Amino acid sequence: MVTSLPGARRDVEPRLLRAFVAVSEELHFTRAAARLYVAQQALSRDVRRLERELATDLFVRSTRQVVLTADGERLLPYARRVLEAQDELTAAFARGGATATRPLLVDLNSPGLFSARVLERARQLVPHCELMARFESGLTGAAAEIAAGRIDASFGRYAGLPAALRASLAQQPVRYEPMAVLLPTGHPLAALDEVPLARLAGERVYAGAGNDRTPEWTDLAERLFAGRGIEVAPPAPLAVGPEEFARVMAKHRNPVLAVVGFPELPGAVLRPLVDPVPLSPVSLVWRRGLDHPGLDALRRAAAELAAAEGWLVRPMNAWIPDNDALIMVS
């Protein structure tokens with residue numbers, strides 16, 4: 001426990017000390033956040049909270065560098081000892097090796113999306129572990145499988161899940177994915193390089209209505225279209241596989257709400273949406289309490305890629321629902 005600094009309390013949370021130690025060792029908030037698999041805003045919030053609890057500044061921050069203050073230097077050895085003791089305690093009471101050695105089952109939602117890159121990087125980090133891909137098509141469907149223990153992790157819009165499902169899950173923000181529209185070849189908007197959202201007024205846009213595995217996506221579309229004269233297309237037969245999806249799309253001729261990384265389909269063109277740029281907020285989601293080195297690697301891989309490629313930086317003139325914005329900085 002830390003008790004020697006001015007205003008110190010007896011109940012300093014180890015999470016706050018871990019944030020402090022990471023920044024102390026990296027001297028860089030972005031790198032420290034990637035190391036801890038958290039958003040930079042959440043890390044900064046934890047450091048500020050620790051400073052408030054200890055009633056002292058721990059870092060001198062500038063646009064060019066982060067430097068420990070004298071009190072920060074004084075706290076560092078105490079913090080390291082506390083965290084070492086916590087790690088020893090965790091190791092002493094860790095569960096048996098069965099969970100750690102079995103394959104980690106990771107839902108990528110659909111083939112060809114950015115989540116496959118996260119999985120591939122995680123495999124590089126823990127080559128001794130087996131990480132197996134699954135394709136559940138939507139986070140609501142996948143979350144039910146996670147809660148039941150049939151898969152371990154997935155990617156998607158966490159804020160769109162029912163509260164009852166979220167109670168058994170944990171999440172890590174990974175990416176704000178720009179949204180797009182998939183247009184049948186010959187559609188008047190297909191000639192544009194980008195589609196202003198206002199140009200979809202009067203259109204019926206397919207967004208998974210009626211699919212009980214993807215209601216979080218339909219909800220996002222309804223929020224985006226509200227007040228803009230865009231209608232969510234009625235349910236269509238559930239198409240499994242790109243060939244069937246392309247066939248049903250060609251038959252109904254409705255634009256389809258998608259993301260910029262959506263795989264190419266025959267007979268269709270993908271165009272980014274702009275004015276504003278709507279974002280699909282994506283989190284890595286797993287069963288609360290899951291202890292597996294593959295999950296640790298998956299979280300680290302997601303944080304590394306997000307930091308390196310700016311996945312959690314919102315572009316200018318972006319749109320995102322308020323409840324999603326709150327979750328994505330947690």
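On a predicted model such as this, the values are computed, not experimentally measured, just so you know. This chain uses plain numbering: 1 for the first residue, then up along the sequence.
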Name all residues meeting the salt bridge (charged side-chain N to carboxylate O under 4.0 Å, His left out) criterion together with R175; count only those two or more places apart in sequence or in a different chain, and write none if there are none. E177
Under 3.5 Å, is there a donor-acceptor pair between the side chain of T218 and the main chain of G208? yes
Holding to ring-ring contact (aromatic ring centres under 6.0 Å, His included), I want the full list of residues that pass it with F59, two or more places apart in sequence or in another chain. F20
ring-ring contact (aromatic ring centres under 6.0 Å, His included) pairs touching residues 297-325, sequence neighbours excluded, are F114-W311
Applying side chain to side chain contact (heavy atoms under 4.5 Å, CB included), name anything that partners N323, two or more places apart in sequence or on another chain. R157, A159, R223, P321
By salt bridge (charged side-chain N to carboxylate O under 4.0 Å, His left out), which residues pair with R61, not counting sequence neighbours? E51
Could you work out, with salt bridge (charged side-chain N to carboxylate O under 4.0 Å, His left out) as the rule, every residue matching R199, not counting sequence neighbours? none
Partner residues of S110 under the side chain to side chain contact (heavy atoms under 4.5 Å, CB included) criterion, sequence neighbours left out: L113
Holding to side chain to side chain contact (heavy atoms under 4.5 Å, CB included), I want the full list of residues that pass it with A258, two or more places apart in sequence or in another chain. F262, L270
Can you confirm whether M132 sits close enough to L104 that some side-chain heavy atom of one is under 4.5 Å from a side-chain heavy atom of the other? no
Of all residues at least two apart in sequence or in a different chain, which pass the side chain to side chain donor-acceptor pair (under 3.5 Å) check with E25? R35, R80
Would you please name every residue forming a side chain to side chain contact (heavy atoms under 4.5 Å, CB included) with R150, sequence neighbours left out? E145, A148
Output yes when E304 and R121 qualify as a salt bridge under the 4.0 Å nitrogen-oxygen rule, no when they do not. yes
To the nearest 0.5 Å, what is the distance between CG on L200 and CD1 on I230? 4.5 Å
Go through the structure and list residues passing salt bridge (charged side-chain N to carboxylate O under 4.0 Å, His left out) with R123, not counting sequence neighbours. E120
Could I get the full list of ring-ring contact (aromatic ring centres under 6.0 Å, His included) partners for Y158, not counting sequence neighbours? none
